[in-house]
Colleague: 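One structure coming up, written as structure tokens, with questions to follow.
Treat the numbers as computed from the prediction; the structure is a model and nothing was measured.
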Amino acid sequence: MARFDPRGKANRALLFGVPDYDFTRPEHPFGVSGDLPAVEHNLDGMRQALRAGGVFTEAGITVTRPRTVDEFDRSLDAAVEAAEGLLLLYFSGHGAVPSTGDELWLLMRRATIVPGTESVFRGAVPWKSVLTVLSRARAERVVVILDCCYAGNASAAWDVLGTAQRQRTSLLMSVQANNRIDAGDGDTPTPFTAELVRLLQDGEVGFDELADRLRAHMSAHHTTLREPPEPWEPQSRSATSGSDVLLAAPPSRPSGTPPPALFAESYGNSGRRPPAQAARGGSRAPARRPGGRGRFVPLTGRRRLAAVIGVPAAIAGLVATGLAVLDGGGGAPCKPPLELRLLTDPDLEPTLRKAAEAYLTSNANRTGGGCRRSGITVYSAGAAATVTAFSRQSDPWQRPTGDETNPQRDIGPQPDIWIPASFASADRARLSSPERTYVTLEADPESFAYSPVVLAVPQNLAEPATARVGSLTALTEAVRKREVRAELRRTDPENTDAGLLATIGLYGGGPGEPDPASAERRVAQPGPPSRTGTELLCTLPDDDAADERTSALVPEFLLKTAVGCDSATRTGRTAEYPVDVPGLSPTFVRVRWQGADRDKGARDTAVAGFRTWLTGKGGTTAAGSGAPGGLAVFGQDGFRSGSGGHRPLGGGDFGALADPGQLPGPAFPSAMADALKRYREANGPGRVLFLLDSSGSMGGLWEGPGGAPGIITQSLAGLGPQDEYGVWGVADEPGGPRPYGEVLGFGKHQREEAQHAITASAQVKDLEADPYRALAAALDYMAQRGTDDHRPQLIVYITDDEDNDRLTEGGRLGDLLATARARRIPVVMASLDSGGCDKGKPDAAVSEASGGRCLDTKGDLVARLRDEVARTGTGGEG
């Protein structure tokens, strides 16, 4: 495997350690379990090992013992700004898991546990926020090492990262999820870091080898603090770029010479310390008298915690917090709850997150002894891509075999539950061909909620209540009579079911209905369509005048929930009801994967419990509400019932009619599939010209699926055999006639042959790039090919922005922007710099002037680029 070598670059190692806590038990009722003196030894050992490892200089290593979240944030921000090669983040201290989910929290020195609240930790940093900050790093590679209890719980947030961040971020976790670990002796480091340091000073080592060796050693010689004990198995997530990263390469020493001792003493291989050692290094929690629910088990020396708060068996005073420390009434601590994964449509994700949070804290999710039955992770993915993944890609979803088709990367982890926004999507997702499938979808016979797709009309253009129902054509014509400049918007049909349902109405089906190309011109807008209804409603205020004359086809419930942009002076909108646009029909689908039956009974029980609560089957109610639990949440967000006339589930005046009459039913699967096909072919095959920065500075961004050529080959999934495309390598020969060389000739290609040709031909050159000349030439080239038709066209420029000074010198940028505005050929600027699309940057200006999009590594660049290309081409499936 290729290996990224950061030596000689601006590398930074940030070592966080919290050996002492201001509030500890039993002195403080809301304190943590105790100090962690071993952490001080961890910091010393890591600093020395990294300094001797040849990757980090003394000045590049920062050791900090944060008292507060602010101190942690400031240190992290500074490292993120300074690192350009490798950024290594290490944390050792108390780790915590709350009752309402399995998210890891890192506790700072002044941390306390607050009883009776949903977020039970003050003075703690949520792991997800650390990942968010790391996404802004300029560093080429990021490595995170966590030595704390429940470190394995950090993997869930990594699994749902965007593609770009997963490609450069590697994560090493000291223990598997939901496990506590030994804190180590007060005079020595923790067992995990002791072995980590030894391996870092034991010759050249990369991340993958380090993780494998740590896992082998720890599982063979140590156990976790569970009863009964389990083998201690560190977990890891390697960056998906396809290349490893060098972490240490200390100077060679004669064979047989042991590495220098960094600690005065070290652990043996027993996995259990002698009792005399176990008694040192922290206070023991006081014993509690036997009693009912909420009794605590005293800690013996062997069960003393390392970085621990979440599910420890013996922390006094945590009864009211709802943490998984409560026993079940018989004296035993609660077991870690089973985690369910719920995949949904992007428009539904915010409401389902609220529903999942309400369920986790409800009595429906508690055993008789007060333990939590399950946790739920909610995530979303593009609707069309999800249908394709279930119907045709269930095998690579379980076992990815290549870079082109990898639903684990593009959609997310395999779900237990899928809630599409349309009942028809569940039918579309079932395999209809004789191919083998590895997934079974068990959809409920009817949807549990409903929301019509409405025409959200500015209030000053809306019809009176008696005239707000009719065909889409009649409603939009009525608006146009009131405002001749009236505009219409619809979300991306590839990304949400609501956008596709709106497209069914736009295309119609009877005589005299517009053809798809004409219909698409009715909703044409600068740049690509919005990805969600919320994004659509909240970006219209960018132009106040356009906002006041623009209607939007969105789900009715968004008129209630998509109001977070009111401060941007968004005009109010009123719902009108097109009878020829099918409505949203969220449906509960149980997902079963072949071979995933180790905990089948427990998982079935957990899914059934949530289904009953969410859909109202069985009468479970939410605390404080007489309505079924999940439906109460959907009612609060403006949804209607799934049957019985689609009555509103909640109240409130948000521009909707309580009873607009007979509402449209759900779509037929064939109608959705046909509309998606017609949308993709509306303007005929597309043309895409890729510009690949091939200058010398791109050398570190070239190899593997996350490298620049790999990004292009992955994006070809959206192009079919009738589309035309080509690739230019942008590198400027001094005095040369043109600023590019041909990597793939422009024309029609078979995808596999094109991918092979790009991989074989694309080469980094010891030259600079001239983005001005290259983009100007590309605009001219594509303009010549679009003179006689209306086929969709796109230019994509993938670059590290290193040569942007050649784009901005003199008046070049202004000239290019003028040309882009005149040509109206969308340009996607795909910057491999996390700040490439910041306001005022050249990439942002070029994409905006051309009507294209600017993508950088702060988001999921690869997935978003693939979407942009697919929107131009005809090769997608779904």
Colleague: Do any N or O atoms from the side chain of Asn11 and from the backbone of Pro6 form a donor-acceptor pair under 3.5 angstrom?
Modeller: yes
Colleague: So, does Arg215 use its side chain to make a donor-acceptor pair with the main chain of Pro234 at under 3.5 Å?
Modeller: yes
Colleague: Do Phe91 and Val39 come close enough that some side-chain heavy atom pair is under 4.5 Å?
Modeller: no
Colleague: With respect to Ser92, which candidate in Asp147, Leu146, Leu43 satisfies the side-chain contact (heavy atoms from CB on, under 4.5 Å) definition?
Modeller: Asp147
Colleague: If a pair satisfies ring-ring contact (aromatic ring centres under 6.0 Å, His included) and one of its residues is in residues 50-72, list it, with sequence neighbours excluded.
Modeller: Phe16-Phe72
Colleague: Counting C-beta onward and ignoring hydrogens, is there a side-chain heavy-atom pair between Val125 and Ser129 closer than 4.5 Å?
Modeller: yes
Colleague: Strictly distance-based, threshold 3.5 Å: is any side-chain N or O of Asp766 a donor or acceptor partner for the main-chain N or O of Gly696?
Modeller: no
Colleague: Rounded to the nearest 0.5 Å, how far apart are CG of Leu247 and CG of Leu172?
Modeller: 9.0 Å
Colleague: Are any of the side-chain nitrogens in Glu84 or Arg138 under 4.0 Å away from the carboxylate oxygens of its partner?
Modeller: yes
Colleague: Can you sort out the partners of Thr713 under side-chain contact (heavy atoms from CB on, under 4.5 Å), two or more places apart, ordered by chain and number?
Modeller: Gln755, Ile758, Thr759
Colleague: Can you check whether Lys128's main-chain N or O pairs, donor with acceptor, with Thr132's side chain at less than 3.5 Å?
Modeller: yes
Colleague: Using a 3.5 Å distance criterion without hydrogens, assess whether the side chain of Glu103 forms a donor-acceptor pair with backbone atoms of Ala156.
Modeller: no
Colleague: Can a donor-acceptor pair be found between the side chains of Asp693 and Ser695 at a distance below 3.5 Å?
Modeller: yes
Colleague: Is there a donor-acceptor pair closer than 3.5 Å between any side-chain N or O of Glu703 and the backbone N or O of Leu701?
Modeller: no
Colleague: Got a sec, which residues hit side-chain contact (heavy atoms from CB on, under 4.5 Å) with Ala381, two or more places apart in sequence or on another chain?
Modeller: Leu343, Thr386, Ile411
Colleague: Taking all atoms of both residues into account, what is the closest heavy-atom pair of Val205 and Arg3, and its distance?
Modeller: C-NH2, 4.4 Å
Colleague: Taking all heavy atoms of Met173 and all of Ser155, pick out the closest pair and write down the distance.
Modeller: SD-N, 3.6 Å
Colleague: When rounded to the nearest 0.5 angstrom, what is the spacing between CD in Glu802 and OG in Ser697?
Modeller: 4.5 Å
Colleague: Mind checking what makes side chain to side chain donor-acceptor pair (under 3.5 Å) contact with Ser135, not counting sequence neighbours?
Modeller: none
Colleague: With the side chain counted from C-beta on, respond yes when Val144 and Tyr90 share a heavy-atom pair under 4.5 Å apart, and no when they do not.
Modeller: no
Colleague: Do NZ/NE/NH1/NH2 and the carboxylate oxygens of Arg51 and Glu58 come within less than 4.0 Å?
Modeller: yes
Colleague: Does the side chain of Ser694 pick up a donor-acceptor pair with the side chain of Gln763 at under 3.5 Å?
Modeller: no
Colleague: Under the side chain to side chain donor-acceptor pair (under 3.5 Å) rule, collect the residues that match up with Asp801, sequence neighbours excluded.
Modeller: Asn804, Ser831
Colleague: Could you tell me whether Lys841 and Asp843 make a salt bridge, using a distance below 4.0 angstrom between a side-chain N and a carboxylate O?
Modeller: no
Colleague: Hey, are the side chains of Arg7 and Leu246 touching, using non-hydrogen atoms and a 4.5 Å cut-off?
Modeller: yes
Colleague: Is the closest side-chain heavy-atom distance between Val69 and Arg122 below 4.5 Å?
Modeller: no
Colleague: Taking all heavy atoms of Arg136 and all of Val80, pick out the closest pair and write down the distance.
Modeller: C-CG1, 3.9 Å
Colleague: Might you work through the side-chain contact (heavy atoms from CB on, under 4.5 Å) test for Leu88 and Val55, ending with a clear yes or no?
Modeller: CA-CA 11 Å; Leu88 184 145; Val55 172; over 6 Å; no
Colleague: Using a strict threshold of under 4.0 Å (side-chain N to carboxylate O), is an ion pair present between Arg65 and Glu71?
Modeller: no
Colleague: Can you list the residues that meet the side chain to side chain donor-acceptor pair (under 3.5 Å) rule with Asp73, with sequence neighbours excluded?
Modeller: none
Colleague: Can you give me the closest heavy-atom contact between Gln714 and Gln167, atom names plus distance?
Modeller: NE2-NE2, 4.2 Å
Colleague: When rounded to the nearest 0.5 angstrom, what distance separates SG in Cys149 from CG in Leu107?
Modeller: 11.0 Å
Colleague: For a quick test of reading the model, state the closest non-hydrogen atom pair linking Leu692 to Ala762 and the distance between them.
Modeller: CD2-CB, 3.8 Å
Colleague: Taking it one step at a time, do Trp127 and Asn153 satisfy side-chain contact (heavy atoms from CB on, under 4.5 Å)?
Modeller: CA-CA 9 Å; Trp127 162 243; Asn153 289 65; over 6 Å; no
Colleague: Are Val245 and Val143 close enough that some pair of their side-chain heavy atoms sits under 4.5 Å apart?
Modeller: yes
Colleague: Between Ser33 and His94, does the side-chain contact (heavy atoms from CB on, under 4.5 Å) criterion hold? Intermediate values first, please.
Modeller: CA-CA 9 Å; Ser33 57; His94 278 304; 3.3 Å; yes
Colleague: Would you mind reporting whether Arg864 and Val862 have side-chain heavy atoms less than 4.5 Å apart?
Modeller: no
Colleague: Measure the CG-CD distance between Leu86 and Glu140 for me, rounded to the nearest 0.5 Å.
Modeller: 9.5 Å
Colleague: Look only at the side chain of Asp244 and the backbone of Asp208, and say whether a donor-acceptor pair between them is shorter than 3.5 Å.
Modeller: yes
Colleague: Could you label the plane-to-plane angle of the His222 and Trp232 rings as parallel, tilted or perpendicular, counting under 30° as parallel and over 60° as perpendicular?
Modeller: perpendicular
Colleague: For the pair Thr223 (side chain) and Pro231 (backbone), establish whether a donor and an acceptor sit closer than 3.5 Å, ignoring hydrogens and angles.
Modeller: no
Colleague: Does Asp77 come within less than 4.0 Å of Arg74, counting only side-chain N to carboxylate O?
Modeller: no
Colleague: For the side chain of Thr169 and the backbone of Arg166, is there at least one donor-acceptor N/O pair under 3.5 Å apart?
Modeller: no
Colleague: Check whether any side-chain heavy atom of Asp182 lies under 4.5 Å from a side-chain heavy atom of Thr224, and answer yes or no.
Modeller: no
Colleague: Could you give the distance from CE (Met829) to CG (Leu865), rounded to the nearest 0.5 Å?
Modeller: 12.5 Å
Colleague: Output yes when a side-chain donor or acceptor of Asp35 lies under 3.5 Å from a complementary backbone atom of Pro37, and no otherwise.
Modeller: no
Colleague: Could you state the interatomic distance from CG (Leu87) to CG (Leu76), rounded to the nearest 0.5 Å?
Modeller: 7.5 Å
Colleague: Could you go through the side-chain contact (heavy atoms from CB on, under 4.5 Å) check for Thr64 and Leu15 one step at a time?
Modeller: CA-CA 6 Å; Thr64 183; Leu15 310 180; over 6 Å; no
Colleague: Considering all heavy atoms of both residues, which atom of Arg168 and which atom of Ala137 are nearest to each other, and what is their separation?
Modeller: NH1-O, 2.8 Å
